[in-house]
There are 2 protein chains.
Amino acid sequence: MEALLDRLRARGMRITPQRRAIADVLVGEHVHLSAEDVLARARVALPELSQATVYATLTELVALGEVCEITTGDGPRRFDPNVGSSHHHLVCRSCGAIRDVEPSGVSRLHVADDQLAGYQLERADITFRGLCPDCAAAPS
Amino acid sequence: MEALLDRLRARGMRITPQRRAIADVLVGEHVHLSAEDVLARARVALPELSQATVYATLTELVALGEVCEITTGDGPRRFDPNVGSSHHHLVCRSCGAIRDVEPSGVSRLHVADDQLAGYQLERADITFRGLCPDCAAAPS
DNA sequence: GTATATGCAAAGCATTTGCATTAAA
DNA sequence: TTTAATGCAAATGCTTTGCATATAC
């Protein structure tokens, strides 16, 4: 429950009411919040929370690898706390909805060594794009 | 050579000096230009070209599928005219350099049907992240 | 001649920054 | 007490927009 805050404390970060409120919102699977979403939700518990603090905290959480960011290619970036499973994303090109795709459902990707030519690979971001069931049914 | 302009004409677009200058710059492989890059290069041939026209034209070219956009997750988006081969990208997290990865060097990706749940898939964007040879050698 | 494309400058949006104040440890 | 975190507001960077003018067809 307090896992994220514990890890932050362990890394020397101070636990403030602001960080607690933000951490409380960044929990669960299929959660893909914009910075604005995080602010709005965390403000329910802590109305005086500022946007700048949300951005600062999100930046740190991403740097620590506790949260990952998703760039939809349109609109603000989204933050995903589900870093445990290294899943991929399905993004609707019409409404922007994001759904997770479990890695187990995707064949493993392998890159030929000669393509890497000295690169030190860290990870692969895989984003599937198309129309979600709702948008496929009701074309714009 | 004039292939892109021909296709634009065929779709009813007017061929202006501006579009010619922009099209001349959007040629080749391993080309990943920002809007600013496109403006600067096209202005060599047509100094009075405006930024707004570059953005408008790039937006149309993307909509027509003649150019694809790459979101690096940092900095401005890049435009890639090499839509013929549906390649993937290797992005250096330190200097931002982008290199193409030929699909032939990557194992084919397959998504289990039950993961798609009504989604109408259009494409998969695959971005590998890590350090390029230069940045791996000289850590920041 | 007519509709489309252009250029300019202003607006827009997401995000970052500077800095004085506050508070966690 | 000390150093890090916060809030505010201004600044930044990229991109889009409104609108009058110019121009491809």
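Numbers restart at 1 for each chain; the letters A, B, ... are given by sequence-line order, proteins then strands.
With hydrogens and angles disregarded, no donor-acceptor distance shorter than 3.5 Å links the side chain of B:Asp24 to the backbone of B:Ala21. At least one donor-acceptor pair under 3.5 Å links the side chain of A:Arg11 to the backbone N or O of A:Leu64. For the pair A:Arg129 (side chain) and A:Thr72 (backbone), a donor-acceptor distance under 3.5 Å is present. A donor-acceptor pair is defined here as one N or O able to donate and one able to accept, closer than 3.5 Å; no such pair exists between the side chain of A:Arg19 and the backbone of A:Leu5.
Side-chain contact of B:Asp100 with B:His32: a donor-acceptor pair under 3.5 Å is present, judged by distance alone.
For the pair A:Leu8 and A:Leu61, the minimum side-chain heavy-atom distance is below 4.5 Å.
Put simply, A:Tyr55 has a side-chain N or O that comes within less than 4.0 Å of OP1 or OP2 on C:dT15. At C:dT6, one or more side-chain N or O atoms of B:Thr16 fall inside 4.0 Å of OP1 or OP2 (strictly under the cut-off).
A:Arg19 places its CZ atom 12 Å from the P atom of C:dA24, with the value rounded to the nearest Å. The separation between B:Arg9 atom CZ and C:dT4 atom P is 18 Å, rounded to whole Å. Rounded to an integer number of Å, the gap from B:Arg77 CZ to C:dA14 C1' is 14 Å. One interatomic measurement links the two molecules: CG of A:Asp37 to P of C:dA14, which rounds to 11 Å at whole-angstrom precision. Here the P atom of nucleotide D:dA5 and the CD1 atom of A:Ile22 are 12 Å apart, to the nearest Å. Taking atom CD1 of residue B:Ile15 and atom P of nucleotide C:dA3, one finds them 20 Å apart after rounding to whole Å. Rounding to whole angstrom units, CG of residue A:Leu8 and C1' of C:dA25 are separated by 15 Å. As rounded to whole Å, 8 Å separates atom P of C:dT6 from atom CE of B:Met13.
The side chain of A:Pro17 lies closest to C:dA24, out of C:dT15, C:dA24, C:dA5.
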Identify each atom pair where a protein N or O and an N or O of nucleotides 7-10 of chain D are less than 3.5 Å apart, giving names and distance.
{"from": "D:dG7", "atom 1": "OP1", "to": "A:Gln18", "atom 2": "NE2", "distance (Å)": "3.1"}
{"from": "D:dG7", "atom 1": "OP1", "to": "A:Glu48", "atom 2": "O", "distance (Å)": "3.0"}
{"from": "D:dG7", "atom 1": "OP2", "to": "A:Ser50", "atom 2": "N", "distance (Å)": "3.1"}
{"from": "D:dG7", "atom 1": "OP2", "to": "A:Ser50", "atom 2": "OG", "distance (Å)": "3.1"}
{"from": "D:dG7", "atom 1": "OP2", "to": "A:Thr53", "atom 2": "OG1", "distance (Å)": "2.7"}

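In terms of polar N and O atoms assigned as donor or acceptor, the side chain of A:Arg14 comes within less than 3.5 Å of the base of D:dT3 in a complementary pairing.
Shown here for B:Cys92 and B:Cys132, the closest heavy-atom pair between the two residues is SG-N, 3.4 Å.
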